[in-house]
Every structure is written in structure tokens, then in C-alpha cells.
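Just the heavy atoms: all of them, side chains too, but no hydrogens, waters or symmetry mates, feed the values below.
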Amino acid sequence: MPSAVHLSPEYSYTAIPVERLGRLQGELKAFRDSEELNGFQRWIVDELYDLRVPQADFAIKSIILVAAPHPLYARVTVSHRGARYHCLSLVSADFEGARTSLEKALGRSSSYLQEAKNLPLKRLAVHCGFATYGKNNITYIDGYGSSFSYVAFFSDAPGDNDSWLPVRHDPFCDACQICQENCPTGAIRKDRFLIDNARCLSCLNETAEPFPDWLSPSVHHTLYDCLRCQIPCPLNKGQAQNIGRDIEFTEEETDALIAGTGMDAYPETLREKARYLGLDKWPAGIAKNIAALIEARRAKATVR
């Protein structure tokens, strides 16, 4: 991968010239004009993304894109009303550790790094050759698979990655349909590059909105997001043993999660578990998702 610099066994980064934001803006406009986007997708492209170079106390020369690896998933047990329910969860990356390692590698203090929060990081990573897209619209990096998260910074460091590649699927995906076959809701389309986010379980799990009537209760298997397209993916072959520590929520902790009281009201033991799993990133949907998981497991047990 062009100009990918390994900071440590835990982090990798690439430095992209800040001028590339202009080209990225053009690419997004062409994408918007060529794809049939729904209202939410148009809001992301038109309103959420901000491709302007911000004001800073230093001369911004690059966008440093960091990949912070994390386990593919963790096994979770939820205790509720005398029963134990098993599911999976994503695991949060150590973003503070990523920034600290970046500062050390660049020899720059944090005052010369300004977080870039509203850039299309997956697309930027693919354009510069740092990552490739899967058919599931998730990106992959050699050695990490999809088990990582992005964080980006505007910096005064020179941008040495001047590559610009077309956005396409990883070549391995051309003859593979595993993610499409394993998607529980049919969100990964055969007739277009972009997945159908209105059917994607990951998207449905992120909000407090009730699940749609067409969604089968049997699909619920994670506290948030969805792993059906990632765990069997051949591009994640090296991640099979990359599993986080087991997490178990007590009855009291489960009640707090379902009540949706929020991180500030959690006891420290629950806060630590929630941070490890990244539950603090998607607080709106957690209560709904846990209730759905419990209901689905109970219904399955009743049928048996």
C-alpha cells in the first residue's frame, strides 16, 4: 500500500496532501450524480461531510489517516430475570493510543494535529490505496482485515502519499458472494456498488427508532452493528482468532442498559465494559437492541 507507515504493531497511517480534498470533492459530486441516493444518504454527502480545510494555528499540509486495529468481535452474555443470553459485539479501538503513537512517530506535539471529524474516511482510504472496499461497503487493510477503525488529523507534516486510485471493490470480491449470501436483510445489492442502508441491520441498530415490521426477530445477534458479512469474509481469514475478551453484564447492569440512563449514571464497572465495546458511541439504539436480543432468544427457546 502506498506510503503506509507502521507506527507500531497496533497502528498504521498514511499522510495525504491536503490538496487532495479538492479532488475528493469532485469525486463525491460525481458519485452523488451517478448513484440513486435516498434521503439519508444525500444528507450524509450534502450536509455531514465537510471537505473544507479548517483554520488552525499551523500550516496544514496533509491529512493523516490512521488505522487503529481492534478485535473482530467480543462474546457477550446478558443476564436478565434469571436467564443468560449470549450475543456478540464490536470492540472499540483505542483512539487515544492512536493519537499518542502518531505524535511520537511524527515528532510533533498535539498542537500540530487537529482531528478531521467529518471527512469520508473510507472513501479517502480507498482513493489513496491505504485500503480496499468489500462488496459490503466495509474497507479492508492487509494484516487487519476489517478489524480496525479510522481516525484522521489535519497536520503540518508533509503529505507523501500522492496516489489516487478509482473506487472499486477488492479484486477478490469479483468472484465472491459470501457477504451477499450471509447478509440477513438483503442489504448488499448485486445490482449496485452502494448497499441498501435502509435494510442494513447495522444502520437499523444505530437509532432509537423501532425496528421495521418486515425485520425478522431472528436476525438480532449483536448489541449494535452487524457481523454477518464480516466474520465469514475471506478477506478476514487472518482475523479468525482475533477475538476480544468475554464480557458479561449482570442483572443490574442489563437493567441500566435497557433503561437507557446513559454513561454518566453507570457505575464504573459498567462504564468500563461499555467503553470497551464501544456502546458509548451508539447510545440511542442499545436499549432497543438488547430488548430485541432477549425477546428473540426467548422466542427461540419457546419454539424448542
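A 4.5 Å side-chain heavy-atom check between Glu115 and Val151 finds at least one atom pair inside the cut-off. The closest side-chain heavy-atom distance from Leu21 to Leu119 is below 4.5 Å. Counting heavy atoms from C-beta on, the side chains of Thr222 and Asn289 never come closer than 4.5 Å. Side-chain contact between Leu235 and Lys237 is absent, with no heavy-atom pair separated by less than 4.5 Å. Between Lys288 and Thr207 there is a side-chain heavy-atom pair separated by less than 4.5 Å. Side chains of Cys87 and Leu223 form a contact here, defined as non-hydrogen atoms less than 4.5 Å apart. Side-chain atoms of Leu106 and Tyr13, non-hydrogen and from C-beta on, do get closer than 4.5 Å to each other. Side-chain contact check for Lys29 versus Arg32: every heavy-atom pair is 4.5 Å or farther apart.
Within the structure, the ring-ring contact (aromatic ring centres under 6.0 Å, His included) test picks out the following pairs touching residues 77-129 (sequence neighbours left out): Phe58-Tyr112, His127-Trp164. Here ring-ring contact (aromatic ring centres under 6.0 Å, His included) pairs that include residues 228-259, with residues two or more places apart or in two chains, number zero.
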**Request:** Any chance you could lay out the side chain to side chain contact (heavy atoms under 4.5 Å, CB included) test for Cys179 and Ile188, step after step, and finish with the verdict?
**Result:** CA-CA 7 Å; Cys179 65; Ile188 304 173; 3.8 Å; yes
**Message:** Is there a side chain to side chain contact (heavy atoms under 4.5 Å, CB included) between Glu10 and Ser101? Walk through the geometry before answering.
**Reply:** CA-CA 9 Å; Glu10 291 80 28; Ser101 291; over 6 Å; no
**Request:** Test side chain to side chain contact (heavy atoms under 4.5 Å, CB included) on Arg275 and Met263 and set out the steps.
**Result:** CA-CA 9 Å; Arg275 284 193 295 265; Met263 288 283 289; 3.5 Å; yes
**Message:** Is there a side chain to side chain contact (heavy atoms under 4.5 Å, CB included) between Ile141 and Ser12? Walk through the geometry before answering.
**Reply:** CA-CA 10 Å; Ile141 291 178; Ser12 293; 6.0 Å; no
**Request:** Just do the side-chain hydrogen bond (donor to acceptor under 3.5 Å, both in side chains) check on Asn236 and Gln239 with the steps written out, would you?
**Result:** CA-CA 5 Å; Asn236 269 332; Gln239 299 300 309; 5.4 Å; no
**Prompt:** Would Asp174 and Arg168 satisfy salt bridge (Lys or Arg N to Asp or Glu O under 4.0 Å), going step by step from the backbone distance to the final call?
**Reply:** CA-CA 10 Å; Asp174 293 342; Arg168 63 181 301 273; 3.5 Å; yes
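Summarising the geometry of Leu37 relative to Leu194, their closest heavy-atom pair is CD2-CD2, 3.6 Å, with the distance given to 0.1 Å. For Leu121 against Ala152, the heavy-atom pair with the smallest separation is CD2-CB, 3.6 Å. Here the closest non-hydrogen pair linking Leu124 and Leu65 is C-CD2, 4.5 Å.
No side-chain N or O of Asn136 forms a donor-acceptor pair with one of Gln230 less than 3.5 Å apart. No hydrogens or angles considered: nothing links the side chains of Asp280 and Tyr276 as a donor-acceptor pair under 3.5 Å.
By the side-chain contact (heavy atoms from CB on, under 4.5 Å) test, Gln177 pairs with Lys135, Gln180, Glu181, Lys190, sequence neighbours left out. Applying the ring pair (Phe, Tyr, Trp, His ring centres under 6.0 Å) rule to Phe211 yields the partners His220; only residues at least two apart in sequence or on another chain are considered. Taking the side-chain contact (heavy atoms from CB on, under 4.5 Å) definition, one finds that Ile178 meets it with Cys176, Asn182, Pro232, Pro234, sequence neighbours left out. Residues satisfying the ring pair (Phe, Tyr, Trp, His ring centres under 6.0 Å) test with Tyr150, not counting sequence neighbours, are Phe148. In this view, Ser202 and Asp225 satisfy the side-chain hydrogen bond (donor to acceptor under 3.5 Å, both in side chains) rule, not counting sequence neighbours. Under the salt bridge (charged side-chain N to carboxylate O under 4.0 Å, His left out) criterion, Asp57 pairs with no residue, sequence neighbours left out. Take Arg228 and apply the side-chain contact (heavy atoms from CB on, under 4.5 Å) test, not counting sequence neighbours, and it matches Pro184, His221, Cys226. The salt bridge (charged side-chain N to carboxylate O under 4.0 Å, His left out) check on Lys117 picks up nothing, with sequence neighbours excluded. By the side-chain hydrogen bond (donor to acceptor under 3.5 Å, both in side chains) test, Asn137 is found to be paired with no residue, residues two or more places apart in sequence or in another chain being considered.
Note: His70 NE2 to Leu277 CG = 12.0 Å, rounded to the nearest 0.5 Å. Atom OH of Tyr224 and atom CG of Asn205 lie 10.5 Å apart (nearest 0.5 Å). Rounded to the nearest 0.5 Å, atoms OG (Ser147) and CG (Leu72) are 4.0 Å apart. From Arg20, atom CZ reaches atom SG of Cys128 across 9.5 Å, with rounding to the nearest 0.5 Å. Residue Thr132 holds its OG1 atom at 8.5 Å from OH of Tyr140, rounded to the nearest 0.5 Å. The distance from the OG1 atom of Thr185 to the CD1 atom of Ile195 is 8.0 Å, given to the nearest 0.5 Å.
Residues Arg189 and Glu36 are not paired through a salt bridge, judged by the lack of any N-O separation under 4.0 Å between the basic side chain and the carboxylate. Salt-bridge annotation for Glu251 and Arg81: absent, with no side-chain N of the basic residue lying under 4.0 Å from a carboxylate O of the acidic one. Between Arg271 and Glu268 there is a salt bridge, since at least one side-chain N of the basic residue sits less than 4.0 Å from a carboxylate O of the acidic one. Electrostatic pairing of Lys273 and Glu248 does not count as a salt bridge here, judged by no charged N lying under 4.0 Å from a carboxylate O.
Other residues, nucleotides and ligands contribute at most 12 non-hydrogen atoms within 6.0 Å of the CZ atom of Arg52. The 12-atom threshold is not exceeded at CG of Asp213, counting heavy atoms of other residues, nucleotides or ligands nearer than 6.0 Å. The 12-atom threshold is not exceeded at CD of Glu295, counting heavy atoms of other residues, nucleotides or ligands nearer than 6.0 Å.
Taking Ile, Leu, Val, Met, Phe, Trp and Tyr as hydrophobic and joining them when side-chain heavy atoms fall under 4.5 Å apart, one finds Val126 in a cluster with Tyr133, Val167, Phe193.
Proximity of a side-chain donor or acceptor of Asp94 to a complementary backbone N or O of Gly97 within less than 3.5 Å is detected. Arg99 places a side-chain N or O within donor-acceptor distance of the main-chain N or O of Leu113, the cut-off being under 3.5 Å. With Ser155 contributing its side chain and Ser62 its backbone, the two residues share no donor-acceptor pair below 3.5 Å.
The hydrophobic clustering, which links ILVMFWY residues whose side-chain heavy atoms are closer than 4.5 Å, places Leu204 and Phe40 apart. Note on Leu227 and Val219: separate hydrophobic clusters, where clusters join Ile, Leu, Val, Met, Phe, Trp and Tyr whose side-chain heavy atoms are under 4.5 Å apart, directly or indirectly. Hydrophobic cluster membership differs between Tyr144 and Tyr73, with clusters built from Ile, Leu, Val, Met, Phe, Trp and Tyr side chains linked at under 4.5 angstrom.
Geometric assessment of Arg123 against the ring of Tyr49 yields a negative cation-pi assignment under the 6.0 Å and 45° thresholds.
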